[in-house]
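This report concerns only the one structure given below.
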Amino acid sequence: MTELRQRTAREPDGPPEDKESESEAKVDGETASDSESRAEASPPLIPADDTPEVLNRAFSSLSSRWKNWWVRGILTLAMIAFFFVIIYLGPLVLMIIVMCVQIKCFHEIITIGYNVYHSYDLPWFRTLSWYFLLCVNYFFYGETVTDYFFTLVQREEPLRILSKYHRFISFTLYLTGFCMFVLSLVKKHYRLQFYMFGWTHVTLLIVVTQSHLVIHNLFEGMIWFIVPISCVICNDIMAYMFGFFFGRTPLIKLSPKKTWEGFIGGFFATVVFGLLLSYVMSGYRCFVCPVEYNNDTNSFTVDCEPSDLFRLQEYVIPGVIQSIIGWKIVRMYPFQIHSIALSTFASLIGPFGGFFASGFKRAFKIKDFANTIPGHGGIMDRFDCQYLMATFVNVYIASFIRGPNPSKLIQQFLTLRPDQQLHIFNTLKSHLTDKGMLTAAAEDE
C-alpha cells in the first residue's frame, strides 16, 4: 500500500504534452501580466523642470503657484501668436500643420505604450505602428484628394488610376501590415503583442481619423476651422483664469485642479467670445468661402459670393429679453447663432476630452504625454479637446449646414460617357419643363 502511494505521488497528473502546454500558457500569461503589474506598481513619473532658464531666472522670486501662472500665460500667448501666423499663411500651411500635429500626437501615445508595457523586445512593433499610420493616412488623404481635387485628378493619368483603385490599394497596404504582424508573433509575447496591436489601432482611431475631420472642416471655410479651435482655446484659458482666482469647489476627481467656478466661468466667457469672433470673421470672404482648388492657377482659392449664413439679418428679440436689455430688434449674422452651439459644446462637452486624457494619464501614472511645451506638457495635452471638437463640427456641418454641391455634381457629370450625359440632360430637361421653369426661361429670352 505504501509503495502504491509513493508511485502515485511520483506519477504526473497528465500526459507530458499537457504539462508542457500549461507551462507555455503560463509563460504567455506571465509576460503580459508582469508587464501590466509593473506598469501599475511603478511610481508616478516626476517630470523634470523643462521651463526655459530665462523664465526661471525672471520668476525665481515668485511662489511656485504664481511662477506656473506666468510661465503658462507667456507660452500661451506665444502659441496664440503662432496660430495667427499659420492662419495668415493660408489653408495649405494649415493642412501641413494639422498633419505635423497628428504625427506628433501619434508618436507621444505610442511612446507611452512602448515604455509602460516594456515593449523593447517586441519584433517589428515600432515599424508596424508607423506603417499602419502611413496606411491610414494614405487612405484618408487619398479620399480627400479625390473629393476636393477631382478635376486635377482626372487631368493627370497616374492620379486618375490611383484614384480609381484607391480603396483597393489602401486595403492591400493594410492587409500587408496585418500579415506582417501575424508573422511577427512570438510565443512568449503573444498577449503583449496583441495589447500593442490594439493600442496602435485605438491611437489611429483617436488621432488620425479626427485630424482628417479637421481638414474636412477647413475645406468648408476657414471660419469652420478657426472658430471651433478658438472657442476651445478660449474656454481652456478662461476656465483656468476663473479657477485660479475664484476656484473653491472641485469639479471632477480625474482632474483635482478643475473647479466648478472655472467650468461655469469658462462657459459664459466662451459663448460671448464665440459671438464676437463670429461677428468679426463673418464679414470677410477669405474666412467664410469654402477652400477650393483653382485648376488654372494651381492654387487654393477662397473667393465666392457669401451665402445667406454670412449676411446680416434682423432678428426680433423675445419679449422677456426685451424688458431686460431694452432692444426690440438686433442685426446679426445667422452664423452667430450657430456659433452659440459651437461654443456651448466647446465649453460643456469639450472638456470631457481633457478629462478622458487625464484618466488615461492617471491609469499609467504619468503627468503629461510629453514635455514638448514647457508648462503645458506634450502636443496631445493641448489637443485632447480639439479632436473631440473637430468631430462635433464635422457632424454639425453635415447635419445642419451642408447641402448639395453643384460644382461637384458637374465635375462628376463631365466624367460620364456621352450617352450617359445625354440621358441625364434629357431627364433634367423634361423635369424642368414639367415644372415650367425651362419654358419661362425661354420666354424671358
Side-chain angles (χ1 to χ4, degrees), residues 80-99 144-145 147-153 211-234 270-315 329-343 345-346 386 389-390 392-412:
I80 292 174
F82 177 71
F83 183 56
F84 285 141
V85 170
I86 61 175
I87 290 174
Y88 174 76
L89 294 176
L92 181 60
V93 175
L94 282 172
M95 293 178 202
I96 295 174
I97 293 296
V98 170
M99 169 70 85
T144 301
V145 168
D147 193 21
Y148 290 99
F149 305 94
F150 188 81
T151 305
L152 175 64
V153 169
S211 65
H212 175 68
L213 298 180
V214 173
I215 294 187
H216 268 232
N217 299 340
L218 177 60
F219 275 106
E220 295 295 331
M222 290 185 66
I223 195 169
W224 291 104
F225 174 87
I226 297 172
V227 170
I229 288 180
S230 300
C231 285
V232 172
I233 295 173
C234 174
T270 303
V271 171
V272 173
F273 171 81
L275 285 169
L276 295 177
L277 180 64
S278 300
Y279 181 82
V280 173
M281 295 186 66
S282 294
Y284 295 91
R285 294 188 179 187
C286 60
F287 292 131
V288 304
C289 292
V291 178
E292 296 180 347
Y293 184 77
N294 190 317
N295 293 289
D296 298 328
T297 61
N298 288 325
S299 61
F300 291 101
T301 59
V302 284
D303 188 24
C304 68
E305 187 65 30
S307 66
D308 292 338
L309 200 61
F310 304 105
R311 293 178 179 175
L312 282 172
Q313 298 184 18
E314 293 186 349
Y315 293 92
I329 296 176
V330 62
R331 284 174 56 82
M332 60 188 300
Y333 295 99
F335 180 79
Q336 288 181 272
I337 300 175
H338 294 289
S339 75
I340 298 175
L342 299 179
S343 56
F345 184 92
Q386 295 287 4
M389 186 71 194
F392 170 74
V393 173
N394 190 268
V395 172
Y396 189 89
I397 291 174
S399 301
F400 305 107
I401 304 298
R402 184 188 297 135
N405 191 326
S407 62
K408 289 184 180 179
L409 291 175
I410 293 175
Q411 289 175 355
Q412 294 175 355

(request) Using atom types as modelled and distance alone, determine if a side-chain donor or acceptor of N217 lies under 3.5 Å from a backbone N or O of A390. (result) yes
(request) Starting at CZ of R402, measure out to CD of E220 and round the result to the nearest 0.5 Å. (result) 4.5 Å
(message) What I'd like to find out is whether the side chain of H338 reaches to under 4.5 Å of the side chain of I401, using heavy atoms alone.
(response) yes
(message) Would you say that M389 contacts I229 through its side chain, given a criterion of any heavy-atom pair below 4.5 Å between the two side chains?
(response) no
(request) With side-chain contact (heavy atoms from CB on, under 4.5 Å) as the test, would you mind laying out the steps for F83 and I97 before giving the verdict? (result) CA-CA 10 Å; F83 183 56; I97 293 296; over 6 Å; no
(request) Check ring-ring contact (aromatic ring centres under 6.0 Å, His included) between F400 and all other residues, then give those that pass, not counting sequence neighbours. (result) Y396
(request) Would you indicate whether the side-chain heavy atoms of Y279 and M332 approach each other to under 4.5 Å? (result) no
(message) Are there over 12 heavy-atom neighbours, none belonging to Y284, within less than 6.0 Å of that residue's OH?
(response) no
(message) What I'd like to find out is whether the side chain of I223 reaches to under 4.5 Å of the side chain of S282, using heavy atoms alone.
(response) yes
(message) Do V288 and F335 have side chains that approach each other closer than 4.5 Å (heavy atoms only, starting at C-beta)?
(response) no
(message) Please find the pair of heavy atoms, one from M222 and one from C286, that lie closest to each other, and give the distance.
(response) SD-O, 4.0 Å
(message) Is there a side-chain contact between P334 and Q313 in this structure, where contact means two heavy atoms from C-beta onward sitting under 4.5 Å apart?
(response) yes
(request) Can you measure from CG (L342) to OG (S278) and round to the nearest 0.5 angstrom? (result) 7.0 Å
(message) With a 3.5 Å distance limit and no angle check, can you tell me whether R285 reaches the backbone of P306 through a side-chain donor-acceptor pair?
(response) no
(request) Start with the C-alpha distance between V98 and H212, add both sets of side-chain angles, then the distance that settles side-chain contact (heavy atoms from CB on, under 4.5 Å), and finish with yes or no. (result) CA-CA 9 Å; V98 170; H212 175 68; over 6 Å; no
(request) Kindly compute the distance separating OG (S230) from CG (L276), expressed to the nearest 0.5 Å. (result) 12.5 Å
(message) Can you confirm if the aromatic rings of F287 and W224 lie within a centre distance of less than 6.0 Å?
(response) no
(request) Output the distance between atom CG (L277) and atom OG1 (T270), rounded to the nearest 0.5 Å. (result) 11.5 Å
(request) Mind running side-chain contact (heavy atoms from CB on, under 4.5 Å) on I397 and H216 for me, showing each step along the way? (result) CA-CA 10 Å; I397 291 174; H216 268 232; over 6 Å; no
(message) Is the shortest side-chain heavy-atom distance between I215 and F225 below 4.5 Å?
(response) no
(message) For the CZ atom of F84 and the CG atom of L89, what is their distance to the nearest 0.5 Å?
(response) 13.5 Å
(request) Evaluate side-chain contact (heavy atoms from CB on, under 4.5 Å) for S339 paired with L275, printing each intermediate quantity in order. (result) CA-CA 6 Å; S339 75; L275 285 169; 3.8 Å; yes
(request) Determine the minimum heavy-atom distance between V291 and L218, stating which atoms define it. (result) CG2-O, 3.4 Å
(message) In the structure I gave you, are the side-chain heavy atoms of I96 and M99 within less than 4.5 Å of one another anywhere?
(response) no
(message) Less than 6.0 angstrom separating the ring centers of F310 and Y333, yes or no?
(response) no
(request) List for me each residue that meets side-chain hydrogen bond (donor to acceptor under 3.5 Å, both in side chains) alongside Q336, sequence neighbours excluded, and say none if there are none. (result) none
